[in-house]
Amino acid sequence: MSFSGLTPHFISSSCSAQSSPLASLTASTSHEPPLRTTHAKTTHADVSASADTVAPHTAASLDDAALHTIRALVFDLDGTLLDTLPHLTALTNFVLAQQHFPQHTQEEVLSYIGEGGQKLLMRAAPENTPQDVIDAMFQQWKEKFYTHGIDLVAPFEGINDMLATLKTRALLGVLSNKFDAGCIASVQQHFPNTFCWVHGERAGIPRKPQPDGLQNCLDELQLHPDEAIYVGDSVTDIDAARSAGMRAIGVSWGYQDSRALLEHGASYLAKSPCDLLTYVEPLLFERRI
C-alpha cells in the first residue's frame, strides 16, 4: 500500500475542512471489515484493579447535565485502537541492529513507548549514544515504518464494531504521539472512512501530555471541551485530556497499569470496546430532526 501524500488532517469524506464538522453526523453507516483483528487482551498491563474492583464512575452517576452532550470522541492510537507493540518491537530492533546495538524484548520495548518514536529510540539505545546517531536512527525508523513488521499491526478485537456504531452518532478523531505521517497512514489502512480528524506528533504542537493537540482538535471541530471525550490507555492520555478540560476514559486492554489511569482522573475504565460503547451511549448528543 502506498502512503504518499498523507498530509491532510481531515481524512474522511464525511468531514472536511471546507464544511462544518458537525454536519457530518449524518455520515454513512457503511463498515469495512478489518484487515486482521487481535483479542482485546490485557497481557501488557497490570489490570488487577479492574472496573469491578476499583468502582469508577458510571454513566448513571454523572450529573444529568453530562447526558446527551457529547458530540465527539477522540482516541489514542497505539494500545487503544491498534495493537502495535509487535510492530514497534520488530522495527526498533531492526534499527538498533544497523548500529550493532543490543536487541530488546517486547516487554522492554513496551517500557519505552508513549512519548513518540525518537524518545523510544533514545531509551532503547545504549546510554550516552550521541544525539546525531539517535536522529539518524529515527529517520531510518520512520522510513522503515511502512514496511518492516507492518503486517504485525492489527485492531484489538471489537474495535471495528464499536467504531462503526459510534461514527453514526458522533464525530470521531485520533490524536497520537506517533509521528504524524505514520499515524495518518495507520488510520487510513485499518480504519478507512471512519475518522474526520487525525494527527500524530508534528512541528509546533507539543506531544501529549501537553493539551495542545487536543485543544487544536477541539478548535478545528468547533467544539467546547465539555462536548468531547478523549479515550486512551496511558496516564499521558488521561493527563492530556484533563489539562484540555475534557473528560477522559481509560481502556484496560492497553499497555499501562489500569489503576494508574483512574488515579490520574479517568472518568471510567472500559474493560472492552463493547463496555466503552455501553458507557458512552447515554452521553452522546441526541440529534432532533
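The CZ atom of Phe101 lies 6.0 Å from the CE atom of Met137; values are rounded to the nearest 0.5 Å. Considering CG of Leu214 and CD of Gln210, their distance stands at 11.0 Å, rounded to 0.5 Å. In this structure, Leu276 CG and Trp253 CH2 are separated by 5.0 Å, a value rounded to the nearest 0.5 Å. Atom-to-atom distance recorded for Asn160:CG and Thr165:OG1 is 11.0 Å, nearest 0.5 angstrom. Atom CZ of Arg259 is separated from atom CG of Asp257 by 4.0 Å, given to the nearest 0.5 angstrom. To the nearest 0.5 Å, atoms CD (Glu115) and CZ (Arg123) are separated by 4.0 Å.
When Asp83, Thr84, Asp78, Asp76 are each tested for a side-chain hydrogen bond (donor to acceptor under 3.5 Å, both in side chains) with Thr80, only one passes: Asp76. When each of Thr236, Asp239, Asp237 is checked for a side-chain hydrogen bond (donor to acceptor under 3.5 Å, both in side chains) with Lys208, only Asp237 meets the rule.
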Go through the steps for Gln215 and Asp219 under the test side-chain hydrogen bond (donor to acceptor under 3.5 Å, both in side chains), then give the verdict. CA-CA 6 Å; Gln215 291 168 341; Asp219 289 345; over 6 Å; no
Carefully, step by step, assess Gln118 and Gln131 under the rule side chain to side chain contact (heavy atoms under 4.5 Å, CB included). CA-CA 10 Å; Gln118 188 166 39; Gln131 186 60 48; 3.5 Å; yes
Applying side-chain hydrogen bond (donor to acceptor under 3.5 Å, both in side chains), run through Asn216 and Glu220 and close with a yes or a no. CA-CA 6 Å; Asn216 176 248; Glu220 295 195 17; 3.3 Å; yes
Applying side chain to side chain contact (heavy atoms under 4.5 Å, CB included), run through Leu73 and Leu284 and close with a yes or a no. CA-CA 9 Å; Leu73 285 95; Leu284 298 179; 3.7 Å; yes
Test side chain to side chain contact (heavy atoms under 4.5 Å, CB included) applied to Val174 and Phe191, step by step: CA-CA 11 Å; Val174 170; Phe191 310 112; over 6 Å; no
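The minimum heavy-atom distance linking Ala228 with Met246 is given by the pair CB-CE, 3.7 Å. What you find for Cys196 and Leu221 is that their closest heavy atoms are SG-CD2, 3.9 Å. Shortest non-hydrogen contact noted between Asp226 and Ile70 is O-CD1, 3.4 Å. In plain terms, the two heavy atoms of Ala72 and Leu223 that are nearest each other are CB-CD1, 3.4 Å. The two residues Thr278 and Pro282 come nearest to each other via the heavy atoms O-CD, 3.3 Å. Heavy atoms only, all atoms of each residue included: Glu157 and Pro273 are closest at O-CG, 3.4 Å.
Note: the hydrophobic cluster containing Val187 does not contain Ile205 (ILVMFWY, side chain heavy atoms under 4.5 Å, direct or indirect links).
A donor-acceptor pair under 3.5 Å is formed between the side chain of His104 and the backbone N or O of Ala124. The backbone N or O of Ala240 sits nowhere less than 3.5 Å from a side-chain atom of Ser243 that would complete a donor-acceptor pair. The backbone N or O of Val235 lies less than 3.5 Å from a partner atom in the side chain of Gln256, making a donor-acceptor pair. In this structure, His199 contributes its side chain and Asn177 its backbone to no donor-acceptor pair below 3.5 Å. In this structure, the side chain of Arg71 does not engage the main chain of Glu227 through any donor-acceptor pair within 3.5 Å. Of the possible donor and acceptor atoms, none in the side chain of Gln99 sits under 3.5 Å from a partner among the backbone N and O of Val95. The backbone N or O of Leu85 sits less than 3.5 Å from a side-chain atom of Tyr255, completing a donor-acceptor pair. Side-chain atoms of Tyr230 do not come within 3.5 Å of backbone N or O of Ala244 as any donor-acceptor pair. Proximity of a side-chain donor or acceptor of His87 to a complementary backbone N or O of Ala154 within less than 3.5 Å is not detected. Of the possible polar contacts, none joining the Ser111 side chain to the Val109 backbone as a donor-acceptor pair under 3.5 Å is found.
Two residues are said to be in side-chain contact when any heavy atoms from C-beta on lie closer than 4.5 Å; Ser186 and Val153 fail this criterion. For the pair Tyr112 and Thr92, the minimum side-chain heavy-atom distance is 4.5 Å or more. Side-chain contact between Ile249 and Phe75: absent, with no pair of heavy atoms (C-beta onward) separated by less than 4.5 Å. With contacts defined as side-chain heavy-atom distances shorter than 4.5 Å, the pair Leu269/Ser258 qualifies. When side chains are defined from C-beta on, Leu81 counts as touching Phe195, because their heavy atoms get closer than 4.5 Å.
The number of heavy atoms from other shown groups lying within 6.0 Å of NZ (Lys144) does not exceed 12.
The aromatic rings of Tyr279 and Tyr268 lie parallel to each other, their planes meeting at an angle below 30°, with 60° marking the opposite boundary.
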